[in-house]
*Asks:* 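Can you read through this structure? Questions will come right after.
As a basis for the values below, the full set of heavy atoms in this structure was taken, side chains included, without hydrogen atoms, waters or symmetry mates. Below, chain A is the first sequence line, B the second, and so on; all start at residue 1.
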4 protein chains.
Amino acid sequence: MKRIGVLTSGGDAPGMNAAIRAVVRKSIYHGIETFGVHQGFNGLINGNITKLELGSVGDIVQRGGTILRSARSEEFKTREGQLKGVEQLKKHGIDGLVVIGGDGSFMGAQKLTEHGFPCVGVPATIDNDISGTQFTIGFDTALNTVLDAIDKIRDTASSHERTFIIEVMGRGAGDIALWAGLAGGAETIIVPEVDFDMNDIATRIKNGVKRGKKHSIIIVAEGVMSGVEFAEKLYEVSKVEHRVSVLGHIQRGGTPTGFDRVLASRLGARAVELLMNNQGGKAVGIVRNEIVEDDILTILEQDRVYDKSMYDLSKELSI
Amino acid sequence: MKRIGVLTSGGDAPGMNAAIRAVVRKSIYHGIETFGVHQGFNGLINGNITKLELGSVGDIVQRGGTILRSARSEEFKTREGQLKGVEQLKKHGIDGLVVIGGDGSFMGAQKLTEHGFPCVGVPATIDNDISGTQFTIGFDTALNTVLDAIDKIRDTASSHERTFIIEVMGRGAGDIALWAGLAGGAETIIVPEVDFDMNDIATRIKNGVKRGKKHSIIIVAEGVMSGVEFAEKLYEVSKVEHRVSVLGHIQRGGTPTGFDRVLASRLGARAVELLMNNQGGKAVGIVRNEIVEDDILTILEQDRVYDKSMYDLSKELSI
Amino acid sequence: MKRIGVLTSGGDAPGMNAAIRAVVRKSIYHGIETFGVHQGFNGLINGNITKLELGSVGDIVQRGGTILRSARSEEFKTREGQLKGVEQLKKHGIDGLVVIGGDGSFMGAQKLTEHGFPCVGVPATIDNDISGTQFTIGFDTALNTVLDAIDKIRDTASSHERTFIIEVMGRGAGDIALWAGLAGGAETIIVPEVDFDMNDIATRIKNGVKRGKKHSIIIVAEGVMSGVEFAEKLYEVSKVEHRVSVLGHIQRGGTPTGFDRVLASRLGARAVELLMNNQGGKAVGIVRNEIVEDDILTILEQDRVYDKSMYDLSKELSI
Amino acid sequence: MKRIGVLTSGGDAPGMNAAIRAVVRKSIYHGIETFGVHQGFNGLINGNITKLELGSVGDIVQRGGTILRSARSEEFKTREGQLKGVEQLKKHGIDGLVVIGGDGSFMGAQKLTEHGFPCVGVPATIDNDISGTQFTIGFDTALNTVLDAIDKIRDTASSHERTFIIEVMGRGAGDIALWAGLAGGAETIIVPEVDFDMNDIATRIKNGVKRGKKHSIIIVAEGVMSGVEFAEKLYEVSKVEHRVSVLGHIQRGGTPTGFDRVLASRLGARAVELLMNNQGGKAVGIVRNEIVEDDILTILEQDRVYDKSMYDLSKELSI
């Protein structure tokens, strides 16, 4: 392994830059040259590839977004697109590629590996919806961004004694909603992994009011339904006055937290080690607090394990 | 003046607690007892009034929201409701009232004064839409909250090379949009005070793209139209792909900034001074960096002066 | 178990309030009354004990510090003091006690248990220096506070092309230094767990300068020596101009992060479960991402396992 | 005016980058080329000058520090050094220079103007110690950084019921101490502009304790004496146990606030306008909320007006 490439793909996540930095520095430490592929798989097809030096990744560990940009690529979903990508990599003398992103990105990494070009996936998405890792890069930062928003909205909820419905991201996963709801002291948390009964929720709110509870915060994961839709359904059965807040894209940005920067550093470095050992077709992750790896195919095929204990705890604590 | 009351009314704004604290401490310093009226004019009518001591306002200077709560009151818009309020104040032996809030709150303060009960208004609203003061309590904090959101969204806008349309609060005023847009390096700022031409904006964006500009941020004040509506209209003439982010209620909350805490402290203290001098029917403010006061009636009747120079500057700097 | 008490002891840590809240809410959920012991073991001896209701822990999940206060108690180190404590607890009809704090607090919990009063320890200290848990409550928040400071100082270090030596907390442990240094992109990290050679460091800095590195950040754990002392020794061998920054007490405060709030919630709840099962003399913790418990005595006697892999990684990435 | 240069000098301050951006964009808007002088007057002498384009100042409005770096220059204090600087500017065909910094930087700008090269000063320093402007760029950000630290330290002060002495920056000026103390609810504020009596302070603290005040925060401006020295003197007369926290260099860094970014944008743009009108030897500022200018010589010679009303208010509110 003389030359390693790195690209980011899919939605951006805080900590991607810390992962890029780790890939570059780890490689250079081991005498390997590194190349950045700009604009994801799209840039790969177009040969948008430049050499990265130590200085290229200076002062980026604390930056949100990705200096390599990201982009969608319909063409890369085709065999032809993928082969073009392999060709570009070979043209630059690159021997292995680190792909930082979510499951779509992992699929791309798998395809390249199948075409004979070794790739390793690094899980980075705020949604924490990737199997094979308990935490994805970006989740911890998004959690804290959402919490900061909840803390702010609680000021108003409390001052005006109102019910607030806050829609958070997470695609099909409820982790952002669950963690932020538990940490933010939300009265109700709605996640895709657990069914809910709107009448129960209405009863809960009313009981709270009877006990003197002046305000109420409900977190709804976007994977269940939109905040507005939820609000309408809740109003139908409860007639509770409410406000809806859709947190939106602020959840994807911001300076990464310490946890995300450390995780990104460790995962990025491990990805380089795998390539150095010619272990393409793998993705790295953190499981039971240890850095691990597994076959991308296995990761893409298996379901994430949902730990219901935290959900149950949130119910007990939001009594 | 032996006893002063204080209430918060209308939408909550960061710094209201710092203003309450100043009213209480300034009064006690001068040997005056203070009473908190809870839940705005609604609580006033219902006699929801308690004594406030030094300890009641301990550790609140840094808190968002209002410890006195706020609420709407249809009843207080009637003469009967107002007279009930005066009665409650007299029942508690209160001689004057500080009303912290926006123009609706000022109107209530004016009415009470007209009924013979001296009130002083303290301008607190994130919207910065009150005449008689260049800055309202809460505006500076909201500005920084919006900026923090813009900085986060720029991470994604830049990573994905996209146009983002961000809707911000401000009711009829464009100050949050203008200041945040200027400070956040937005390419386009849409405020109620200045007309705009959608074709110009489309041209601007396209010219930017030609010059190599990879992303674009447009700030839309809610007083113009919703972010979604704006996006649809822009798409019609430009076909530019975009994302919309509605910042929503996070703008009302959060720890107040230094500027807002100092402003709130100064305005709250001056309000007490006015009551001590039996100057009811006034509202305080900051004009040309000095604490001033004016008749509430004048303030409610005159239009805010719009300083176009900052808007013009934003145009020059977003070249 | 009809009545559970809770106290915080030792240095305060962000998330202690979230732990208190969890103890109270979990208990009430299971029909158990809860009592707060104020001012640590000192307050315990003096019977500074009050009933806690759901409302007592409202709006505290996001607050730094501890609403129950903390204090040193020389008296509690004596058998007499401890027995007085047991007496006070019994006087209030309390059956079990949750002690939130560091190893000194755990020792107190152990003593009470030995005197026949069941206690469970919850590890809360920013230093992350307690055996039996991979993370203590408060560590993650302190890490992010330190990172925020490093990010700020890097602005100046970079603008003035200077070397900065930053002293961070951690008592005998180097975790804050190591994690913050790795996440903050520090060039050098000095921790108690690993020896260092001042000449190596000087060489590293000079080599960096030769390669064009304009500034350098060195993190020193207080457990090694003070930042000022380190700076003097470095200057002796290197003559490198530098600035020293001692972060100090800001590291103990602040709104807890999502991770700390969730950890505190889970650990506080588990502590109640243990008391419900009459398992006094235990402390809870998180190991390999799972909530666990162990005998306090074991925890106090065994050394923490130091994972050198992160330190080694920091060396590779700060090339 | 065909070509304008810009440099930053002296201690860095948040918002310097926003000012650089405004100078560059305003100039380009008016068809003027801009050049960045790197490393302050030192770089000027050495001809460390590069062309700045729109893209050079992209994505910097939110960054602390200065992309142009800063440095000390003994040589520039000499006539020879200054003439070398003029020569370098002429060699690059530059017609006017914007100097962003504190009073030392203003002196340099004045000297260059006296040598026939027109310069305009833009006041940027966290210390807010420059005559001719009510606010310097960076002060508002430093104020909020200090407040954030006070809020954190208050968590510990309150939890442990302790007196904290916090040393803040400001050189000879007390503005940071005064504003942060007032906004942070400090019990005592020590500034260079007002004498103090240590016995009064000791009495104040003791009276507070008698009234039930559990903790106390004292802000000491570095221009009076160090926090440690103050603490020793206070201890001598009061025997009050205390902790000292020296905030240090975190005060100079960080993302600039909205106020600082807007101020920097307005001042930077005005500086360009002055050069376009051939008005060298001036410095810009904000006075009574309006952008103004004055002769650098006047500014350097006149004393800052100290507004004692805020200090008096802080006394009343910290009762």
*Asks:* Looking at D:D12 and C:H160, what are the two nearest heavy atoms and their distance?
*Replies:*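 D:D12 and C:H160 have their closest heavy atoms at N-NE2, 3.1 Å.
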*Asks:* What's the spacing between D:D151 CG and C:T255 OG1 if we round to 0.5 Å?
*Replies:*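 One finds 8.5 Å between CG of D:D151 and OG1 of C:T255.
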*Asks:* C:D140: which residues meet the side-chain hydrogen bond (donor to acceptor under 3.5 Å, both in side chains) condition with it, sequence neighbours left out?
*Replies:*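 Per chain and number, C:D140 pairs via side-chain hydrogen bond (donor to acceptor under 3.5 Å, both in side chains) with C:T257.
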*Asks:* Any sub-3.5 Å donor-acceptor pair from D:R252's side-chain atoms to C:I153's backbone N or O?
*Replies:*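 No, because the side chain of D:R252 does not come within donor-acceptor range (under 3.5 Å) of the backbone of C:I153.
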*Asks:* Looking at D:M16, D:H249, D:Q39, which one has more heavy-atom pairs under 4.5 Å with chain C than the rest?
*Replies:*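 Winner by heavy-atom pair count: D:H249.
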*Asks:* Is C:S245 in contact with chain D via its backbone, its side chain, both, or neither, using a 4.5 Å heavy-atom distance?
*Replies:*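 The side chain, not the backbone.
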*Asks:* Give the member of C:R154, C:R72, C:R63 that has the highest number of heavy-atom pairs under 4.5 Å with chain D.
*Replies:*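 Most heavy-atom pairs under 4.5 Å with chain D: C:R72.
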*Asks:* Is a side-chain N or O of D:R69 found less than 3.5 angstrom from the main chain of C:S158, in a donor-acceptor match?
*Replies:*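 Yes.
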*Asks:* Write down the atom of D:D155, the atom of C:G65, and the distance for their closest heavy-atom approach.
*Replies:*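 What the structure gives for the nearest pair is CB-N, 3.7 Å.
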*Asks:* Tell me, side chain or backbone of D:Q251 under 4.5 Å from chain C's heavy atoms, or both, or neither?
*Replies:*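 For D:Q251, there is no contact with chain C at all, as no heavy atom is under 4.5 Å.
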*Asks:* Are there more than 12 heavy atoms of other residues, nucleotides or ligands under 6.0 Å from atom NZ of D:K239?
*Replies:*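 Buried by this count: over 12 neighbours within 6.0 Å.
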*Asks:* Given a strict heavy-atom distance threshold of 4.5 Å, which part of D:R162 is in contact with chain C: side chain, backbone, both, or neither?
*Replies:*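 The side chain, not the backbone.
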*Asks:* Between the main-chain N or O of D:T66 and the side-chain N or O of C:S159, is there a donor-acceptor pair closer than 3.5 Å?
*Replies:*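 Yes, because the side chain of C:S159 sits within donor-acceptor range (under 3.5 Å) of the backbone of D:T66.
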*Asks:* If you take all heavy atoms of D:K152 and C:I250, which pair is closest and at what distance?
*Replies:*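 Residues D:K152 and C:I250, closest heavy atoms: CD-O, 3.3 Å.
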*Asks:* Out of C:A13, C:G248, C:G11, C:S70, return the one with the most heavy atom pairs under 4.5 angstrom to chain D.
*Replies:*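 Among C:A13, C:G248, C:G11, C:S70, the one with the most close pairs to chain D is C:S70.
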*Asks:* Taking side chain as everything from C-beta outward and backbone as N, CA, C, O, which of these in D:R243 sits under 4.5 Å from a heavy atom of chain C? Side chain, backbone, both or neither.
*Replies:*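 The answer is the side chain of D:R243.
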